[in-house]
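No hydrogens, no waters, no symmetry mates; every other heavy atom, side chains included, goes into these values. Just so we're clear, the structure is a prediction, and the values are computed from it rather than from any experiment.
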Amino acid sequence: MTLYFDHLVHQVQSPENMKVFLNKRHIHTVNGGQHTMWGTYNTLSYFGLSYIEQIAVYDHALFEEAAKLPYSLHYTFKQNNERYGFSRIALRTTNIEQEAQRLSALGFDVYGPDACSRTRPDGSVVHWKLLHFGKVGQAIDFPFFIEWADGDEERYAQLIASGAVTTSQTISMESVQFYVQDAQATAKLWHEVLQLPEPVVHSEFIALHLPNIRLDFYEEAAATKMMLGHKSEGPFGVTLKDTDRTKETLMFPSAFYWLNP
């Protein structure tokens with residue numbers, strides 16, 4: 001079963017301010033909508049079907065309830081003391097029920113698939129299913145799985161029609177960077193559990209390749225050069241490729257957007 005990178009989650013204080021800032025830096029960002037069952041809302045930066053989600057809490061009581069679900073995005077945010085920065089990644093599948101069975105057979109605690117929805121600014125509703133899994137004591141959270149109600153071609157057409165995707169933008173997502181204590185062990189584990197190709201060893205990091213992006217695992221010495229300090233295990237950076245601009249780095253708390261020509 002082939003998994004694709006779907007999105008990177010950026011926990012922020014104000015999605016509205018992020019939208020203004022990123023659009024000024026020519027990273028097309030649009031309003032997403034509210035997750036009324038979780039008490040969160042978002043803005044979205046699309047690069048084809050892959051995207052970065054800037055998300056914040058608007059109803060803390062709803063969020064606290066959502067955070068009780070183990071290995072969920074909200075659970076991770078709560079465990080990290082609601083720290084701003086990159087938090088999790090989601091992988092896209094078209095076989096989420098089978099993935100749940102497979103992961104359960106591997107001995108993981110599995111939650112879902114659960115039906116979810118979000119109301120867009122125009123009032124329309126987008127639907128998907130989520131699957132969360134893990135084991136007690138894991139150092140870094142696995143990606144969570146998402147299966148959209150609509151197919152890729154239909155979703156892409158909808159995103160263009162709504163203005164969320166603009167064909168005039170030439171930026172693509174190239175890689176996501178993670179800080180981990182043991183890059184070799186983490187890459188090996190994710191390779192086995194997510195059924196990805198063999199890890200590729202580079203001088204400063206170990207990479208896993210999905211069909212549409214690369215995941216780079218750095219240990220402390222190499223990661224510190226890039227992220228200016230220590231943090232808990234998890235994503236800390238994203239590399240965006242844009243042949244129409246010069247090299248630039250956008251820095252936020254525990255989140256770096258590297259733009260490369």
Scanning both residues in full, the closest heavy-atom pair of Arg83 with Gln11 reads O-CB, 4.0 Å
Taking Ile89 as the starting point, is it possible to reach Leu130 by hopping between hydrophobic residues whose side chains are less than 4.5 Å apart?
no
Ser14 versus Glu16, side-chain donor and acceptor atoms under 3.5 Å
yes
Please report the interatomic distance NE2(His132) to CG(Asp114), rounded to the nearest 0.5 Å.
7.5 Å
Under the side-chain contact (heavy atoms from CB on, under 4.5 Å) test against Asp182, which residue among Lys188, Glu233, Glu219 passes?
Glu219
Of all heavy-atom pairs linking Asp59 and Leu62, the shortest is OD1-N, 3.1 Å
Within the side chain of Asp152, is there an N or O that forms a donor-acceptor pair under 3.5 Å with the backbone of Leu49?
no
Assess the pair Phe256 and Phe86: is the distance between their ring centroids shorter than 6.0 Å?
no
Go through the side-chain N and O atoms of Thr94 and Glu147 and say whether any donor and acceptor fall under 3.5 Å apart.
no
If the plane angle is over 60° it's perpendicular, under 30° parallel, otherwise tilted; pick one for Tyr58 and Tyr41.
perpendicular
For Leu69 and Tyr75, work out which heavy atoms get closest and say how close.
O-CB, 3.1 Å
State, with a plain yes or no, whether a side-chain heavy atom of Asp216 is found less than 4.5 Å away from one of Arg214.
yes
Expected output: side-chain His191 to main-chain Leu196 donor-acceptor under 3.5 Å:
yes
Is it true that a side-chain atom of Asp242 and a backbone atom of Pro261 form a donor plus acceptor pair closer than 3.5 Å?
no
What pairs of residues pass the salt bridge (Lys or Arg N to Asp or Glu O under 4.0 Å) test when at least one of them lies in residues 19-28, not counting sequence neighbours?
Arg25-Glu248
Using only heavy-atom distances, determine whether the side chains of His127 and Ser117 contain a donor-acceptor pair under 3.5 Å.
no
What do you reckon, are the aromatic ring centroids of Tyr218 and Phe205 less than 6.0 Å apart?
yes
Would you confirm whether His209, through its side chain, and Glu198, through its main-chain N or O, come within 3.5 Å as a donor-acceptor pair?
no
What's the shortest heavy-atom distance between Val30 and Gly163, and which atoms?
CG1-O, 3.8 Å
dist Asp141:CG -> Ser72:OG (nearest 0.5 Å) comes out at 9.0 Å
So with a 6.0 Å cut-off around CD of Glu153, is the heavy-atom count from everything else above 12?
no
According to a 4.5 Å side-chain heavy-atom criterion applied to Ile, Leu, Val, Met, Phe, Trp and Tyr, with indirect links allowed, do Ile171 and Leu159 form part of one hydrophobic cluster?
no
When you measure from the side chain of Arg88 to the backbone N and O of Gly234, does any donor-acceptor pair fall under 3.5 Å?
no
Testing the 3.5 Å rule here: is there a donor-acceptor pair between the side chains of Lys241 and Asn260?
no
Does the side chain of Tyr257 come within less than 4.5 Å of Leu240's, by heavy atoms?
yes
Please evaluate residues Leu259 and Thr249 with respect to the criterion side-chain contact (heavy atoms from CB on, under 4.5 Å), reporting the C-alpha separation (whole Å), side-chain torsions for both, the decisive distance (0.1 Å), and the verdict.
CA-CA 6 Å; Leu259 290 112; Thr249 301; over 6 Å; no
In the structure I gave you, are the side-chain heavy atoms of Lys129 and Cys116 within less than 4.5 Å of one another anywhere?
no
Tell me if the OH atom of Tyr4 is crowded by more than 12 foreign heavy atoms within 6.0 Å.
no
Does Ser50 use its side chain to pair, donor to acceptor, with the backbone of Tyr46 at less than 3.5 Å?
no
Heavy-atom side-chain contact between Ile96 and Thr93 under 4.5 Å
yes
Does either side chain, that of Trp128 or that of Asp150, offer a donor lying less than 3.5 Å from an acceptor on the other one?
no
Side chain of Ser104, backbone of Ala100: donor and acceptor closer than 3.5 Å?
no
Would a distance-only check, ignoring hydrogens and angles, find a side-chain to backbone donor-acceptor pair under 3.5 Å from Gln177 to Val238?
yes
Check: Asp109/Tyr71 side-chain N/O donor and acceptor closer than 3.5 Å
yes
Run the ring-centre check on Trp190 versus Phe178 and record whether the distance is less than 6.0 Å.
yes
Any chance the side chains of Ser45 and Thr29 put a donor and an acceptor closer than 3.5 Å?
yes
Heavy-atom nearest pair, Pro211 first then Leu3, reads CD-O, 3.2 Å
Measure across Leu8 and Pro235 and return the closest heavy-atom pair with its distance rounded to 0.1 Å.
CD1-CB, 4.2 Å
CH2 of Trp148 to CG of Asp6, rounded to nearest 0.5 Å, is 6.0 Å
At what distance, to the nearest 0.5 angstrom, does NE2 of His7 lie from CG of Asn42?
8.5 Å
Whether His74 and Trp38 hold their rings parallel, tilted or perpendicular, with breakpoints at 30° and 60°:
tilted
So, Arg102 side chain and Val193 main chain: donor-acceptor pair closer than 3.5 Å or not?
yes
Cluster link Phe77 to Met18, ILVMFWY, side chain under 4.5 Å:
no
Reported OG-to-CD distance for the pair Ser87 and Gln79, which is rounded to 0.5 angstrom
11.0 Å
Strictly by modelled atom types, are Asn31 and Thr43 linked by a side-chain donor-acceptor pair under 3.5 Å?
no
Please tell me whether Phe252 and Phe21 form a close aromatic pair, meaning their ring centres lie under 6.0 Å apart.
yes
Measuring from Glu174:CD to Asn212:CG, what's the distance to the nearest 0.5 Å?
12.5 Å
Do the side-chain N and O atoms of Gln184 and Thr186 include a donor-acceptor pair separated by under 3.5 angstrom?
no
same_hphob_cluster(Phe217, Phe142) at 4.5 Å side-chain heavy-atom cutoff:
yes
Linked, directly or transitively: Leu91 and Val180 (ILVMFWY side chains, under 4.5 Å)
yes
